[in-house]
Protein chains: 2
Amino acid sequence: MTGRPRTFDIEDRLELAMRVFWRHGYEGTALSDLTAAMGINRPSLYAAYGNKEALFRQCLDHYHRGPARHVREALDEPTGRAVAEHLLRGTVAVVTREEGPGCLLVNGALATGEGSAAVRADAAARRAEARAALRARLRLAAEAGEFTPGTDPAVLADYLTTLTHGLAVRATDGTPAEELHRTVDFALLTWPDA
Amino acid sequence: MTGRPRTFDIEDRLELAMRVFWRHGYEGTALSDLTAAMGINRPSLYAAYGNKEALFRQCLDHYHRGPARHVREALDEPTGRAVAEHLLRGTVAVVTREEGPGCLLVNGALATGEGSAAVRADAAARRAEARAALRARLRLAAEAGEFTPGTDPAVLADYLTTLTHGLAVRATDGTPAEELHRTVDFALLTWPDA
DNA sequence: CGGGTTCTGTACCGATCGATATGGTAGCGT
DNA sequence: ACGCTACCATATCGATCGGTACAGAACCCG
């Protein structure tokens, strides 16, 4: 049953693969880039992760559990405003990290060729998930009367989603964290507190 | 001196090439995709435009003169608020067009492999240009006393830039124009008029 | 109606893409 | 010690990548 043991840790090397996809995107990353960065050879990669597409999806999972954890954690904040602040501050912190810069969900597969349509759809679905979760959370905040009357929590959530994506693009262009935080400052300044 | 005349119009086919790059990005677009969409064969493409990279740059120029014209035109509005409204409304209109969807400057080459670094830098430089122009325009508005005291026009400009990029990403995900306009509604609601 | 020039169309180039066949190697159970 | 199993490493697969050589065709000029 047992055989020669694997000489590397799957989770550790997944982190290394994620960084390559993060920086160069799905289509901009070649198998040779991955094997070089991960320190393993091609058949080992295929045995451990399946293929390039499956590896990318596992990197998306790893990204969600790791660098993008704040998106999930922000929802646990007690108020809508605290959710927004946690989400935006956390986004700035992640998209300005050296691994990227930017956001893997945005950089990874925003526009692709026909052959990578499934990967693009997967990344888009995960962005949609985050948006839906944020909408649901702010709806609760609205029902608790946290916002000024007439405020649509769905619009507010989509507004925040728009900001996070925009911050990711600007970070990819090399904008420093300090500057992005000033954008967040302004956005939070106009928050519709009741 | 003269020879066999070209059987197509360079500018017309440039429009067709732009749509392919717009939808699939620089690396996601193959020469065969371009020649098929443009209705010309490979040597004709190279004779008319140089190579793939040069063609992409000409598409960026074409994009700036055409679909993204509103970015330049918005600056001519009389007030900062009108500039913002023109920019955001125009952005929504462009990024939800069927050619894309999204923004060519964002979709085209956000994250690329090493071989396409020059193209990525070109797209980033054009995004930076738009940002700088918007900063300069809002600085004039600030000097005219249009904003509430203490408002940094550079921060305001970067905030708008963040929104436009975020709108582009959301449009790429298939978000309809109506929904994006609601995000713009909210953003304009909180504009710091003096 | 040729000569010169430029474009078109086919067919092809080397390089690289993602993916794999094959044989050697390291460990576990008996 | 030996066989079974699973992983490692080299070498290679067909397909596709961006780019081009070459020959024929279409036009202007004389």
Side-chain angles (χ1 to χ4, degrees), chain A residues 1-14 16-18 20-21 23-60 108-109 111-120 122, chain B residues 1-14 16-18 20-21 23-60 108-109 111-120 122:
Chain A
M1 222 50 163
T2 70
R4 178 174 177 178
R6 187 172 278 120
T7 61
F8 60 93
D9 182 84
I10 289 190
E11 199 75 3
D12 285 351
R13 307 303 169 99
L14 191 59
L16 298 175
M18 181 192 68
V20 181
F21 282 130
R23 183 174 292 274
H24 299 297
Y26 179 75
E27 289 184 330
T29 299
L31 258 314
S32 54
D33 297 328
L34 291 167
T35 54
M38 299 168 79
I40 62 179
N41 22 35
R42 218 165 281 220
S44 297
L45 188 152
Y46 277 81
Y49 305 97
N51 59 13
K52 186 189 178 187
E53 182 176 332
L55 173 59
F56 182 74
R57 289 185 205 274
Q58 291 170 61
C59 286
L60 292 183
T112 69
E114 302 287 354
S116 309
V119 167
R120 180 181 63 227
D122 194 347
Chain B
M1 223 45 162
T2 68
R4 178 174 175 175
R6 185 172 280 119
T7 62
F8 60 93
D9 182 83
I10 290 190
E11 199 74 3
D12 286 349
R13 307 303 170 101
L14 191 59
L16 297 175
M18 180 192 69
V20 182
F21 281 129
R23 183 174 291 273
H24 298 296
Y26 179 74
E27 288 184 330
T29 300
L31 258 313
S32 55
D33 297 329
L34 291 168
T35 54
M38 300 168 78
I40 62 180
N41 14 35
R42 220 167 281 224
S44 297
L45 189 152
Y46 277 82
Y49 305 97
N51 59 12
K52 186 189 177 185
E53 182 176 332
L55 173 59
F56 182 75
R57 289 185 206 274
Q58 291 170 61
C59 286
L60 292 183
T112 69
E114 303 287 355
S116 309
V119 167
R120 181 181 62 227
D122 195 346

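Here is the naming used below: chain letters follow the sequence lines, and residue numbers restart at 1 for every chain.
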Just the rounded figure in Å: distance from [atom2] of [N] to [atom1] of [X].
X	N	atom1	atom2	result
A:L45	D:dC7	CG	P	13 Å
A:Y26	C:dC17	OH	C1'	11 Å
A:F8	C:dA26	CZ	P	17 Å
B:D9	C:dC7	CG	C1'	15 Å

For DNA chain D, which residues of residues 47-59 of chain B approach it to below 4.0 angstrom with any heavy atom?
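B:N51, B:K52 - these, ordered by number, are the residues of the stretch whose heavy atoms sit under 4.0 Å from the strand.
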Which of residues 27-36 of chain B sit near DNA chain D, with a heavy atom under 4.0 Å from it?
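Output list: B:T29, B:A30, B:L31, B:S32.
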What do the steps show when you test A:L14 against A:Y49 for side-chain contact (heavy atoms from CB on, under 4.5 Å), and what is the final call?
CA-CA 9 Å; A:L14 191 59; A:Y49 305 97; 3.9 Å; yes
Using the side chain to side chain contact (heavy atoms under 4.5 Å, CB included) criterion, which residues pair with [X]? Sequence neighbours excluded.
X	value
B:S116	B:Y26, B:E27, B:T112
A:L16	A:R13, A:M38
B:A37	B:V20
A:R6	A:F8, A:I10, A:A48

Is B:D33 reaching over with its side chain to a backbone N or O of B:A30, donor-acceptor style, under 3.5 angstrom?
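Yes, the answer is positive, given that a donor and an acceptor are paired below the 3.5 Å cut-off.
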How long is the span from the CG atom in B:L31 to the OH atom in B:Y46, to the nearest 0.5 Å?
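So the CG of B:L31 and the OH of B:Y46 are separated by 4.0 Å.
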Bending between helix ends of the helix from C:dC1-D:dG30 to C:dT30-D:dA1 [5 pairs per end, 10° resolution]
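That helix gives 0° between its end axes.
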State, to 0.1 Å, how close [X] and [Y] come at their nearest heavy-atom pair, and which atoms those are.
X	Y	result
B:A109	B:R120	O-CG, 3.2 Å
A:A111	B:G25	CB-N, 3.9 Å
B:D12	B:D9	N-OD2, 2.9 Å

Between the protein and nucleotides 9-11 of chain D, list the N/O to N/O atom pairs that are separated by less than 3.5 angstrom.
unit_1: D:dA9; atom_1: OP2; unit_2: A:N41; atom_2: OD1; d: 3.4
unit_1: D:dA9; atom_1: OP2; unit_2: A:N41; atom_2: ND2; d: 2.8
unit_1: D:dA9; atom_1: O5'; unit_2: A:N41; atom_2: ND2; d: 3.3

Counterpart residues, side chain to side chain donor-acceptor pair (under 3.5 Å), relative to A:S44 (two or more places apart)
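By the side chain to side chain donor-acceptor pair (under 3.5 Å) rule, A:S44 matches A:N41.
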Test B:L60 against B:F21 for side-chain contact (heavy atoms from CB on, under 4.5 Å), laying out the working first.
CA-CA 10 Å; B:L60 292 183; B:F21 281 129; over 6 Å; no
Suppose the criterion is salt bridge (charged side-chain N to carboxylate O under 4.0 Å, His left out): which pairs have a residue in residues 45-55 of chain A, not counting sequence neighbours?
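For residues 45-55 of chain A: A:E53-A:R57.
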